[in-house]
Amino acid sequence: MTSSDDEQLRTTITGPENAAPDSPQRNRPQWSDLPVTDDTANLRQGPDLDERCLGVLPLVGVWRGDGEIVDPTVEGARPFGQQLTFAHDGRPFLTFESRSWLLGPDGEIGELLERETGFWRPQEDGSLEAVIADSSGLVEVFYGPKGDMRSWQIETDAVARTASARATVASKRLYGLVNQGDLAYVDERAMDGGEMAPYMSAVLRRVVG
């Protein structure tokens, strides 16, 4: 699949209406002296997307926005800001990175939340595998069915944690395109002996790609 085909398909699926005006020209930070292919979050730049990743093509990019976190140990929902990055290096997986932070009453930056990093691994039948680790000591293995190019759901098959990590036993995430191209998601978790319940949700706008 050529870069021009990637661009046409991405525009058809996601639409440019809600993207940042300069998002087609931007990319994640690049290392020009890297001796191997660098990651790209912009389908117009870098290597062609592997055909196995076509089912998650609309996710490729950098997304920023805000949402709410509902922690059973803290009273009330709290607003937070977030940046998500989905990138690729031409191989059949996407790299995933999340950075988030609490927001104050006037939008000021507050406490930093856990960072996440991992890989989304589409399979030949279109189903998904994902491995995500976070800075608090959790490592989660997710599986999900083939998406419909506008929504993707993954659910944990296994959760491992360090001795100091929070007692999380299961997680489920639903990502979807809304509002002519924004990315919304809901992250549900079973923690601290409780049942599965909404934990984080946000609506993010494309700023790269």
Side-chain angles (χ1 to χ4, degrees), residues 14 18-20 23 26-30 38-42 53 56-71 74 77-89 93-103 107 109-122 128-144 147 151-162 164-166 168 170-178 181-191 196-209:
T14 66
N18 286 0
S23 65
R26 303 178 72 187
N27 203 350
R28 61 178 291 281
Q30 299 290 293
D38 200 357
D39 288 347
T40 179
N42 188 332
C53 291
V56 291
L57 178 152
L59 294 172
V60 176
V62 179
W63 307 81
R64 290 180 187 164
D66 56 71
E68 288 189 337
I69 180 169
V70 181
D71 190 327
V74 179
R78 295 177 294 167
F80 72 95
Q82 186 174 38
Q83 174 175 286
L84 287 184
T85 301
F86 287 93
H88 77 98
D89 65 2
F93 58 83
L94 300 185
T95 60
F96 171 85
E97 182 184 32
S98 168
R99 304 188 70 172
S100 53
W101 52 90
L102 291 177
L103 295 172
I109 305 302
E111 177 186 352
L112 299 181
L113 299 174
E114 286 82 13
R115 294 182 63 171
E116 293 184 329
T117 186
F119 301 91
W120 284 46
R121 306 176 63 250
L128 291 172
E129 298 178 357
V131 181
I132 299 176
D134 79 22
S135 57
S136 74
L138 287 176
V139 178
E140 298 172 291
V141 176
F142 293 86
Y143 289 93
S151 63
W152 305 264
Q153 181 169 299
I154 54 175
E155 188 169 356
T156 50
D157 177 71
V159 179
R161 60 182 189 268
T162 63
S164 61
R166 191 163 185 179
T168 302
S171 176
K172 180 168 61 176
R173 303 186 186 191
L174 175 63
Y175 295 81
L177 298 177
V178 299
D182 289 341
L183 178 64
Y185 77 89
V186 176
D187 177 352
E188 298 182 3
R189 301 187 186 187
M191 302 180 296
M196 190 81 79
Y199 178 61
M200 299 179 78
S201 61
V203 176
L204 311 172
R205 182 185 185 194
R206 182 187 295 277
V207 297
V208 164

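Residue numbers run from 1 in the order of the sequence given.
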Taking all non-hydrogen atoms of both residues, which atom of [X] and which atom of [Y] are closest, and how far apart?
X: Leu204; Y: Asp66; answer: CD2-N, 4.1 Å
X: Val56; Y: Pro122; answer: CG2-CG, 3.8 Å
X: Glu68; Y: Ala77; answer: OE1-CB, 3.8 Å
X: Arg166; Y: Leu138; answer: O-CD2, 3.8 Å
X: Ala41; Y: Val208; answer: O-CG1, 3.7 Å
X: Arg28; Y: Asp38; answer: NH1-OD1, 3.3 Å

Tell me whether Arg99 at atom CZ has more than 12 heavy atoms from other residues, nucleotides or ligands lying less than 6.0 Å away.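 Open.
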Partners of Phe93 by ring-ring contact (aromatic ring centres under 6.0 Å, His included), sequence neighbours excluded?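 Phe119.
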Residues two or more places apart in sequence or in another chain: which of them pass ring-ring contact (aromatic ring centres under 6.0 Å, His included) with Tyr199?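 Checked Tyr199 against ring-ring contact (aromatic ring centres under 6.0 Å, His included); zero matches.
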Spacing of [atom1] belonging to [X] relative to [atom2] belonging to [Y], to within rounding of 0.5 Å:
X: Asp157; Y: Glu129; atom1: CG; atom2: CD; answer: 9.5 Å
X: Met196; Y: Ser171; atom1: CE; atom2: OG; answer: 6.5 Å
X: Phe142; Y: Leu128; atom1: CZ; atom2: CG; answer: 11.5 Å
X: Gln83; Y: Ser98; atom1: CD; atom2: OG; answer: 9.0 Å
X: Thr40; Y: Asn27; atom1: OG1; atom2: CG; answer: 3.5 Å
X: Leu59; Y: Phe86; atom1: CG; atom2: CZ; answer: 5.0 Å

Is there a donor-acceptor contact under 3.5 Å linking the side chains of Asp187 and Ser201?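 No, no side-chain donor-acceptor contact under 3.5 Å.
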Flag, side chain of Ser135 to backbone of Arg115, donor-acceptor distance under 3.5 Å: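 Yes: the side chain of Ser135 pairs with the backbone of Arg115.
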Holding to side-chain hydrogen bond (donor to acceptor under 3.5 Å, both in side chains), I want the full list of residues that pass it with Arg78, two or more places apart in sequence or in another chain.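 If we apply the side-chain hydrogen bond (donor to acceptor under 3.5 Å, both in side chains) test to Arg78, skipping adjacent residues, there are no hits.
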[Y] and [X], any side-chain heavy atoms less than 4.5 Å apart:
X: Ile69; Y: Leu102; value: yes
X: Val203; Y: Leu183; value: no
X: Ser151; Y: Leu177; value: no
X: Glu97; Y: Val62; value: no
X: Glu111; Y: Trp101; value: no

Salt-bridged, [X] to [Y], with N to O below 4.0 Å?
X: Asp134; Y: Arg161; result: no
X: Arg189; Y: Glu155; result: no
X: Arg206; Y: Asp182; result: no

Go through it in stages, so that I can follow the logic: the residues are Leu174 and Tyr185, the test is side-chain contact (heavy atoms from CB on, under 4.5 Å), and I'd like the CA-CA distance, side-chain angles, deciding distance and then a yes or no. CA-CA 5 Å; Leu174 175 63; Tyr185 77 89; over 6 Å; no
Kindly indicate, with the supporting measurements, whether the criterion side-chain contact (heavy atoms from CB on, under 4.5 Å) is fulfilled by Val139 and Ile132. CA-CA 6 Å; Val139 178; Ile132 299 176; over 6 Å; no
Do Tyr175 and Trp63 have their ring centres less than 6.0 Å from each other?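 No, ring centres 6.0 Å or more apart.
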Pair Leu94-Val60, side-chain contact (heavy atoms from CB on, under 4.5 Å): steps then yes or no: CA-CA 8 Å; Leu94 300 185; Val60 176; 3.8 Å; yes
With side-chain contact (heavy atoms from CB on, under 4.5 Å) as the criterion, how do Phe80 and Met200 come out once you've worked through the C-alpha distance, each side chain's angles and the decisive distance to 0.1 Å? CA-CA 9 Å; Phe80 72 95; Met200 299 179 78; 3.5 Å; yes
Between Glu140 and Lys172, does the salt bridge (charged side-chain N to carboxylate O under 4.0 Å, His left out) criterion hold? Intermediate values first, please. CA-CA 10 Å; Glu140 298 172 291; Lys172 180 168 61 176; over 6 Å; no
